[in-house]
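First comes the structure, then the notes that go with it.
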Amino acid sequence: MSIFYTFIFLPIISAIFIPLLYKYLNRLVHIGWFVSLVPLSIFIYLLQYIPDVAAGDTYKYTISWIPSLDMNITSYVDGLSLLFGLLITGVGTLVIIYSIFYMSKVREALHNFYIYLLMFMGAMLGLVFSDHLLVLYGFWELTSVSSFLLISYWYERKSSRQGALKALLITVLGGFGMLAGFIMMIMMADTYSIREMIANLDVIQNHTLFIPAMLCVLLGAFTKSAQFPFGIWLPDAMEAPTPVSSYLHSATMVKAGIYLVARMTPVFGGNSVWFWLVAGIGIITLLYGSLTALRQTDLKAMLAYSTISQLGLIMCLLGIGSLAVYFGPGESGTVFTVATFAALFHLFNHSTFKGTLFMVVGIIDHETGRRDIRYLGGLMQVMPITFTIALIGGLSMAGLPPFNGFLSKEMFFAAVNDVSGAGIFGLSNIGIMFPIIAWVASIFTFVYCMIFVFKTFGGNYRPEKLTRKVHEAPWGMLFSPIILGVLVIFIFFFPNVLGKYILTPALTSILPMMPISSYDVKISAWHGLNLELVMTIGVFVIGILLFKTTKRWLQALRNHTQGLTLNHLYNEGLSGMERFSVSLTNRYMTGSLRHYLIYIFSFFVIVLLGSLLLFHGIQFDFASNSAISIFDVGLVLGMIIAALTVLFASNRIMAIVALGALGYMVSMFFVIFLAPDLALTQMVVETVTTVLFLLCFYHLPKLKKSIERIPFKLTNLIISIAMGLTVTLLGLSANGHKLFEPITSFFENAYELAGAKNIVNAILVDFRGFDTMLEISVLAIAGLGVYILVHQRSKRREQRETE
């Protein structure tokens with residue numbers, strides 16, 4: 001195995017040893033110091049790829065998993081995956097260092113926290129480096145599971161449990177849709193590899209499943225990246241500890257959807273449906289997130305909606321940049337290539353300033369005990385360093401110089417102005433809405449950034465409204481946001497270093513069809529007097545006016561009708577489904593075994609017999625049947641007698657003996673049909689079960705003899721006859737249909753394929769290996785659940801005894 005996989009799987013491998021480290025070393029030193037070495041080492045390892053990838057090289061690594069099914073763990077290192085890998089590990093290192101001072105090693109279950117965090121990190125790394133679609137999907141869902149555990153880390157809080165459940169429901173629902181899209185893509189391209197799909201675009205783009213696959217993939221991307229209307233899970237995810245929020249928003253979970261859209265742009269880009277969904281939903285999300293952020297009084301909620309808004313901005317840029325696929329090489333294509341570059345640039349910038357701001361909120365909450373902006377103010381007097389960091393991050397998000405957010409925001413304005421005059425896909429009519437919405441949303445963004453910084457740190461200091469005596473945060477908590485703040489300023493003055501070595505290689509991965517000259521994008525803070533500069537000045541002037549007059553209009557904006565919000569619709573929908581399910585369950589869960597059998601058999605008859613009649617499936621062909629011998633007739637009669645004996649036996653011993661005889665006669669059928677393996681298996685199972693039945697029923701009381709008249713029920717008769725008729729017709733019809741070649745010849749070659757001389761064992765252990773493994777997993781999970789319940793009950797009993 002390549003050393004590459006050693007580093008990529010290092011977080012998941014390290015998570016196994018966290019309980020041991022926590023048990024023996026946590027009393028001596030915070031376990032976070034050991035955990036921080038994991039992302040730091042991966043980050044340093046990935047740095048070595050930068051020169052080669054910047055020069056145009058790519059790397060492919062493969063671990064053979066199931067070669068016969070073309071199932072291999074294939075990883076691909078190019079500019080796009082390297083960009084995300086560096087963000088995941090770089091920001092991850094800073095987040096873990098921050099968590100060392102934020103999470104108490106005395107009060108918190110740190111072993112659980114760091115296991116979940118490492119699992120989250122490992123899932124993200126596996127996702128961005130995967131070239132195999134199904135492996136990518138596996139890591140995709142692992143991010144949902146690990147984020148669920150992180151959000152519900154403080155599970156004793158109802159809000160944490162509800163937030164985790166909401167995130168899991170929405171993202172997993174989107175993940176299922178994405179899986180359907182992946183399966184359609186595999187069917188179209190006849191390959192699991194994303195690289196090979198990009199190399200065979202004609203086959204995919206001319207297929208009838210192209211649009212359905214696109215819609216399914218976008219469903220997964222939009223739910224994960226909190227695009228409208230699926231973004232309601234992200235604010236509720238703020239119930240997680242602040243280090244988790246910082247990591248989730250800046251470098252992981254929500255960026256997974258952005259990554260997927262960027263990775264699939266070569267496949268689906270250039271299509272009008274892709275453009276309008278990605279760019280249109282993105283611009284709507286930008287406006288929705290910025291407007292909703294203004295309504296918030298909780299600092300984390302404000303940042304959560306700001307993340308939704310910024311993700312919409314990036315998504316919109318990716319949609320606009322996909323027009324480069326439509327125009328191809330040429331001046332028009334080069335113009336829209338810059339939009340994709342701007343998306344990558346803002347993606348990186350957002351990771352820096354949003355990570356900074358979330359850490360600042362964590363510091364404020366940690367030191368004051370408050371996150372509600374209505375109780376804060378004047379904190380710059382007692383927390384000057386934190387204020388400076390917040391100012392850097394806030395002004396960068398607002399798009400002001402000299403901070404990196406200004407540069408990518410200017411490129412965003414240029415992109416929406418360019419797309420308004422593209423003249424395709426109906427843009428000549430409604431394209432003007434892109435710059436208008438972008439400008440309005442940017443004003444709202446500017447206002448909530450001013451509110452975040454100056455309503456929190458400016459104004460009068462009110463210690464009586466705070467729950468703790470406020471002082472500056474310790475240097476350990478300030479270290480990580482300072483590093484990110486320095487990056488915010490450094491990138492503004494030296495943006496082309498980042499552009500040349502990180503962003504341009506990522507751009508070539510997203511738009512491989514463009515000429516080399518298209519990738520030579522120069523970032524500059526001054527472009528002369530142009531429309532983008534006018535828009536920026538307008539944002540600043542109107543934003544200042546709105547900020548100065550917030551008392552006149554902001555409260556009215558916050559007093560919106562709750563019944564019209566997406567959260568309200570989600571909650572009502574969930575409650576409605578629960579009420580409906582309870583009502584439906586109460587109707588059929590009557591406690592009557594007869595009712596349950598009626599439901600099961602009726603459904604069986606309606607579906608199967610209805611399908612046979614609807615699709616003309618009733619067909620008999622006895623031409624190839626073997627002759628019926630006297631032994632066959634005798635065994636059938638014997639089985640009927642044994643079955644009737646079970647029903648009418650006057651004692652349990654007789655019923656058990658008759659049941660065993662029935663099983664042995666079935667095994668005799670296997671002997672007649674020349675299946676000695678099955679006959680032997682059946683006899684062993686019958687012997688064991690008969691003995692166990694006799695052992696158990698021996699200790700039960702004898703059946704009481706009583707004369708009871710059983711009333712005749714027409715419903716029972718009809719269902720019984722229909723059930724028997726359905727099974728008989730199904731068996732005879734199945735024997736009369738030969739839709740596919742029989743697979744017996746495949747299993748006859750069991751020794752060569754599986755190395756097994758016993759065909760039955762080969763089928764059970766090898767050919768049905770996945771099924772058997774999943775059955776064992778289900779039993780293991782059930783056993784673990786039983787053990788936990790018993791253990792918890794024992795603990796509660798011990799607590800009551802000690803009390």
Side-chain angles (χ1 to χ4, degrees), residues 11-12 39 81 83-92 94-96 99 113-130 136-153 160 163-178 219-228 230-263 285 289 300-301 303-312 314-315 347-348 350-351 354-355 357-359:
I12 297 176
S81 59
L83 167 62
F84 278 85
L86 291 171
L87 286 176
I88 293 165
T89 54
V91 176
L94 296 176
V95 165
I96 292 175
S99 71
F113 177 78
Y114 286 118
I115 287 174
Y116 304 156
L117 194 63
L118 287 174
M119 184 165 59
F120 193 31
M121 183 183 300
M124 281 298 303
L125 287 172
L127 189 157
V128 300
F129 285 108
S130 291
L136 187 153
Y137 170 74
F139 283 116
W140 181 278
E141 295 297 22
L142 185 58
T143 62
S144 296
V145 173
S146 53
S147 65
F148 170 83
L149 296 172
L150 285 168
I151 296 168
S152 62
Y153 173 72
S160 296
L165 179 62
K166 181 185 287 188
L168 188 69
L169 285 176
I170 294 176
T171 56
V172 169
L173 175 65
F176 284 148
M178 186 188 74
L219 177 63
F222 287 165
T223 52
K224 188 74 83 173
S225 60
Q227 297 298 290
F228 184 87
F230 306 109
I232 56 174
W233 68 265
L234 191 57
D236 286 18
M238 295 303 95
E239 294 298 329
T242 298
V244 175
S245 302
S246 178
Y247 195 38
L248 188 149
H249 283 252
S250 61
T252 52
M253 181 98 159
V254 294
K255 298 294 175 65
I258 299 294
Y259 169 81
L260 184 67
V261 170
R263 182 60 81 191
T285 304
K300 284 185 76 173
L303 289 184
Y305 282 105
S306 76
T307 296
I308 293 174
S309 178
Q310 297 298 303
L311 292 172
I314 299 170
M315 193 69 76
L347 172 82
F348 190 93
H350 178 260
S351 296
K354 188 52 64 72
L357 293 174
F358 264 108
M359 292 179 187

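The basis for the numbers below is simple: all heavy atoms, side chains too, and nothing from hydrogens, waters or symmetry mates. Just so we're clear, the structure is a prediction, and the values are computed from it rather than from any experiment.
Note that the OG1 atom of T252 and the CG atom of L87 stand 10.5 Å from one another [nearest 0.5 Å]. Atom CG of L234 is separated from atom OG of S306 by 9.0 Å, given to the nearest 0.5 angstrom. For the atom pair Q310 CD and L303 CG, the distance stands at 10.5 Å (nearest 0.5 Å). Here the CD1 atom belonging to I12 is positioned 8.5 Å from the CG atom belonging to L125, to the nearest 0.5 angstrom. The line from CZ of F120 to OG of S144 is 9.0 Å long, rounded to the nearest 0.5 Å. L165 CG to L168 CG: the interatomic distance, rounded to the nearest 0.5 Å, is 7.0 Å.
Closest heavy-atom contact between A240 and K300: O-NZ, 3.0 Å. The minimum heavy-atom distance linking H249 with A304 is given by the pair CE1-CA, 3.7 Å. The two residues P235 and I232 come nearest to each other via the heavy atoms CD-O, 3.5 Å. Closest non-hydrogen pair, G355 versus S246, comes out as O-OG, 3.5 Å. Across V95 and P243, no two heavy atoms sit closer than the pair CG1-O, 3.3 Å. Taking each heavy atom of T143 and A123 in turn, the nearest pair found is CG2-CB, 3.5 Å.
For the side chain to side chain contact (heavy atoms under 4.5 Å, CB included) with Q227, the lone residue among T285, V261, I308 that qualifies is T285. For the pairing with V244, the side chain to side chain contact (heavy atoms under 4.5 Å, CB included) check across Y116, Y153, F113 returns one residue only, F113.
W233 contributes a side-chain N or O that, together with a main-chain N or O of T223, makes up a donor-acceptor pair within less than 3.5 Å. Using a distance-only test at 3.5 Å, with no hydrogens or angles considered, a donor-acceptor pair links the side chain of Y247 to the main chain of I88. The backbone N or O of T171 lies less than 3.5 Å from no partner atom in the side chain of K224, so there is not a single donor-acceptor pair. With S351 contributing its side chain and L347 its backbone, the two residues share a donor-acceptor pair below 3.5 Å.
Side-chain contact between T307 and F358 is present, with at least one heavy-atom pair separated by less than 4.5 Å. Under the 4.5 Å side-chain criterion, counting only non-hydrogen atoms from C-beta, S160 is not in contact with I151. Counting only heavy atoms from C-beta outward, the side chains of F129 and S81 approach each other to under 4.5 Å. Put simply, the side chain of L149 reaches to within 4.5 Å of the side chain of M119, judged on heavy atoms. Residues Y137 and F176 meet the side-chain proximity criterion, which asks for heavy atoms closer than 4.5 Å. Side-chain contact between L248 and L150: absent, with no pair of heavy atoms (C-beta onward) separated by less than 4.5 Å. Counting only heavy atoms from C-beta outward, the side chains of E141 and V172 approach each other to under 4.5 Å. No side-chain heavy atom of M178 sits under 4.5 Å from any side-chain heavy atom of L173.
Between the side chains of K255 and S250, not a single donor N or O lies within less than 3.5 Å of an accepting N or O. A donor-acceptor pair shorter than 3.5 Å can be found between the side chains of S99 and Y114.
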Q) Stepwise, does the ring pair (Phe, Tyr, Trp, His ring centres under 6.0 Å) test hold for F84 with Y259? A) CA-CA 8 Å; F84 278 85; Y259 169 81; 5.2 Å; yes
